[in-house]
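Input: a single structure, listed below in structure tokens.
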Amino acid sequence: IASGEFTVQESGWVSLVGAVRGFLFRLTGEGERGPEIPRARGSLASVGGQAFFLPLYELYLTYGGIFRLIFGPKSFLIVSDPAIAKHILRDNSKAYSKGILAEILDFVMGKGLIPADGEIWRVRRRAIVPALHQKYVAAMISLFSEASYRLCEKLDKAASDGEDVEMESLFSRLTLDVIGKAVFNYDFDSLTHDNGIVEAVYIVLREAEMRSTSPIPTWEIPIWKDISPRQRKVNEALKLVNDTLDNLIAVCKRMIEQEDLQFHEEYMNEQDPSILHFLLASGDDVSSKQLRDDLMTLLIAGHETSAAVLTWTFYLLSKEPEVMAKLQEEVDRVLGDRMPTIDDMKKLIYTTRVINESLRLYPQPPVLIRRSMEDDVLGGYPIGKGEDIFISVWNLHRCPKSWTDADKFKPERWPLDGPNPNEINQNFSYLPFGGGPRKCVGDMFATFENVVATAMLVRRFDFQLAPGAPSVEMTTGATIHTTEGLNMTVTRRRRQPIIPKLERKIVSDSPLTRLDQSEDDQVASED
Ligand code: HEM
């Protein structure tokens with residue numbers, strides 16, 4: 001970090017990304033009550049254009065596990081220390097809210113589980129967690145397999161035609177198809193074709209990402225927010241998605257009225273095992289707006305994250321042929337020509353370690369956001385109410401003090417006969433799914449989804465970065481994206497497994513499921 005001073009003109013709310021990029025951190029000498037948190041200074045001009053968490057890593061190496069990042073009248077605390085992360089996320093979690101995150105995501109998630117705080121969060125978490133019971137997750141394995149199989153068919157065609165493929169967008173479609181069925185029994189079918197609702201979901205998602213990375217909140221400017229073509233498009237897309245969700249809720253309610261199933265802990269309707277069905281059958285007393293917020297939250301939470309994990313896993317695999325060979329050996333041995341089952345999840349250990357390690361190097365999201373709601377002490381430093389805090393999972397996961405060869409992709413660092421790594425057994429230096437009461441509710445779902453997709457793809461194909469494609473760089477949205485896609489050459493493996501032809505379930509023919517034809521290991525969950 002070069003030194004030198006810049007001043008930052010602030011106009012309105014400034015996101016962290018705007019904060020970090022292209023300006024300088026100043027050293028100011030204001031006194032506080034007690035020892036002062038180190039204050040970052042230096043010019044980031046030299047790293048402009050990079051993903052914002054990269055300069056935060058450089059600053060961490062200089063300033064340590066907690067420092068204050070100041071710009072204009074605003075400042076953020078950047079936390080990269082496992083003990084402080086544990087304090088905020090777990091030991092004193094009641095003293096922290098989602099802060100800025102809730103403000104940015106309000107237009108799309110409202111009071112859904114990710115942004116919600118306090119009593120609303122507590123009530124909704126209690127309602128939603130039971131829906132992801134073991135029987136449900138086990139039933140999801142065939143959904144993961146079917147969607148992955150469709151992707152394999154697409155790749156097979158590309159291999160025949162000798163065409164390179166852009167894997168990041170394909171993974172995004174794979175996980176959208178999965179999460180639509182899993183959460184509200186809707187078949188987006190985005191791997192097969194585009195339609196209005198898929199486009200609408202992407203418009204909404206891109207808007208959420210834009211808002212979390214934009215320095216100026218243009219969407220809040222009076223009048224402009226109503227007449228800007230972009231905002232109108234966003235509003236239209238949001239309306240289509242919301243109407244679709246309302247319809248799905250109505251259809252599901254009718255289904256439940258007609259069914260003859262007793263509700264119990266592991267309740268599941270075989271025709272529609274979705275989370276929505278569970279929630280409605282449980283008699284969940286919730287307003288339709290809140291339910292829609294929750295569904296939207298689950299859709300976003302479970303879609304972009306898994307797509308990003310798969311993208312970076314395949315990028316890493318393309319760089320380490322030895323890891324790929326070991327992975328393919330395990331998958332061939334365990335699965336042979338079969339479709340994966342829940343029992344295979346215990347046997348695909350190396351595959352799971354590949355995902356564990358991919359999540360270490362590319363955590364999704366790379367930072368967790370909080371705001372202090374009362375005075376507290378972090379790492380020996382007193383802090384006041386209202387501090388905006390960024391826990392850099394990227395820094396925790398790449399800290400040279402915690403990890404040997406921190407930047408190297410080494411699934412072997414997680415012993416095959418050891419426990420599945422999580423924040424508890426790694427003492428908060430590894431936080432792939434967060435920690436404490438707000439830990440991810442979909443950790444097991446997501447791990448199995450990624451294991452199944454990875455296993456099914458590497459069983460049939462070899463993957464190389466496409467020759468002549470732009471180098472793969474990172475950019476930040478809610479998760480880590482590539483700047484120009486992950487272009488790969490996909491070739492059939494010499495030993496092709498014989499996979500039975502999969503008949504697709506014709507969900508779209510059913511009026512109940514298709515409305516828009518127009519176009520730890522749970523150990524750590526501390527509830
Ligand atoms: C929360 C990661 C998949 C639903 C979180 C958090 C992380 C995370 C780090 C904590 C956020 C925080 O503390 O601020 C991931 C990753 C995934 C994944 C890496 C994929 C590999 C899923 C899936 C679902 C889901 C598939 C739903 C089916 C949620 C929800 C929360 C959450 C609802 C908020 C929980 C709360 O605040 O009580 N996730 N997630 N996630 N995740 Fe996931």
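Both ligands and their constituent atoms are indexed starting at 1 by order of listing.
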Determine the interplanar angle of the Trp414 and Tyr430 rings, folded into 0 to 90°, and report it as parallel if under 30°, tilted if 30 to 60°, perpendicular if over 60°. tilted
Among Met296, Arg211, Glu207, find the one that has a side-chain contact (heavy atoms from CB on, under 4.5 Å) with Val108. Met296
Option among Lys326, Lys410, Lys408 that satisfies the salt bridge (charged side-chain N to carboxylate O under 4.0 Å, His left out) test with Glu320: Lys408
I need the contact residues for ligand 1: any residue with a non-hydrogen atom closer than 4.0 Å to the ligand, ordered by chain then number. Lys98, Leu113, Ile114, Trp121, Arg125, Leu298, Ala301, Gly302, Thr305, Ser306, Val309, Leu359, Gln364, Pro365, Leu368, Arg370, Pro432, Phe433, Gly434, Arg438, Lys439, Cys440, Val441, Gly442, Phe445, Ala446, Asn450
Please verify the inter-ring angle class for His87 with Tyr96; under 30° counts as parallel, over 60° as perpendicular, anything in between as tilted. perpendicular
Please state whether the rings of Phe188 and Phe184 are parallel, tilted or perpendicular, taking 30° and 60° as the class boundaries. perpendicular
Under a 4.0 Å N-O cut-off, is there an ion pair linking Asp177 with Arg150? yes
